[in-house]
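What follows is a single structure, written as structure tokens, with notes after it.
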Amino acid sequence: QVQLVESGGGLVQAGGSLRLSCAASGFTSSTYAMGWFRQAPGKEREFVARISRGGSRTDYTDSVKGRFTISRDSAKNTVYLLMNSLKPEDTAVYYCAAANSVGVGAAPRFTTFYDYWGQGTQVTVSS
């Protein structure tokens, strides 16, 4: 059974840091492209970052470039999102996702590219 479990969310002050983890089970995550998305109340789920199967390619939405870093540890079957210099507008539920496809162009930025999703973890940034 394929499962993605996020952890590491919480309440943090503006300027602080958090590291989210996404533990995969039921499949070998290193053979999947992985992504992080977020959804704030009343808004659509939006792309945050993604990492290719081998980890050589990453991509970020403009609003988090230079502050967030996506990485993966194949030995632990886990993907991470390190979030620095957090802002109140980063407040959202963060979801990780896995795709058994080769990302072409902007495709990995869309929710439809992904096959599996986690349940989400809440990140709240206070001002």
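Computed from a prediction, not measured in an experiment: that's the story for all the values here. Along the sequence shown, the residues carry numbers beginning at 1. The basis for the numbers below is simple: all heavy atoms, side chains too, and nothing from hydrogens, waters or symmetry mates.
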(message) Using modelled atom types and a 3.5 Å cut-off, is there a donor and acceptor pairing between side-chain atoms of Gln13 and backbone atoms of Ser126?
(response) no
(message) Under a plain distance cut-off of 3.5 Å, with no hydrogens placed, do Asp73 and Thr78 share a side-chain donor-acceptor pair?
(response) no
(message) For the backbone of Ala92 and the side chain of Gln39, can you confirm whether one donor and one acceptor N or O come within less than 3.5 Å of each other?
(response) no
(request) Examine Arg45 relative to Tyr95 and say whether NZ or CZ is less than 6.0 Å from the centre of the six-membered ring and inside a 45° cone about the ring axis. (result) yes
(message) With a 4.5 Å cut-off on side-chain heavy atoms, are Glu44 and Phe37 touching?
(response) no
(message) For the backbone of Ser52 and the side chain of Arg72, can you confirm whether one donor and one acceptor N or O come within less than 3.5 Å of each other?
(response) yes
(request) Sort out for me which residue in Asp59, Leu20, Asp90, Leu81 forms a side chain to side chain contact (heavy atoms under 4.5 Å, CB included) with Val48. (result) Leu81
(request) Using atom types as modelled and distance alone, determine if a side-chain donor or acceptor of Tyr80 lies under 3.5 Å from a backbone N or O of Thr69. (result) no
(message) Quick check against the 3.5 Å criterion: does Arg109 have a side-chain atom that pairs as donor or acceptor with the backbone of Tyr60?
(response) yes
(request) Report yes if the side chains of Arg50 and Arg57 come closer than 4.5 Å at any heavy-atom pair, otherwise no. (result) yes
(message) Strictly distance-based, threshold 3.5 Å: is any side-chain N or O of Arg53 a donor or acceptor partner for the main-chain N or O of Ala33?
(response) no
(message) Are the side chains of Phe27 and Leu4 in contact, using a 4.5 Å heavy-atom criterion?
(response) yes
(message) Do Gln119 and Glu6 make a side-chain contact, defined as non-hydrogen atoms from C-beta onward lying under 4.5 Å apart?
(response) yes
(message) Donor-acceptor check, side chain of Ser56 to backbone of Gly54, threshold 3.5 angstrom: yes or no?
(response) no
(request) Please check if the distance between the ring centroids of Phe110 and Phe47 is under 6.0 Å. (result) no
(message) Could you tell me if the side chain of Ser101 sits less than 4.5 Å from the side chain of Tyr32, heavy atoms only?
(response) no
(request) Report yes if the side chains of Val123 and Met83 come closer than 4.5 Å at any heavy-atom pair, otherwise no. (result) yes
(request) Please answer whether the main-chain N or O of Gly9 pairs with a side-chain N or O of Thr121 as donor and acceptor at a distance below 3.5 Å. (result) yes
(message) Within the 4.5 Å heavy-atom criterion, are Asn100 and Thr31 side-chain neighbours or not?
(response) no
(request) Determine whether Tyr116 and Trp36 fall in the same hydrophobic cluster, where Ile, Leu, Val, Met, Phe, Trp and Tyr are linked whenever their side-chain heavy atoms lie under 4.5 Å apart. (result) yes
(message) Looking at Thr91 and Val125, would you say the former's side chain and the latter's main chain have a donor-acceptor pair under 3.5 Å?
(response) yes
(request) Flag the pair Leu86 / Phe68 as yes when at least one side-chain heavy-atom distance between them is below 4.5 Å, and no otherwise. (result) yes
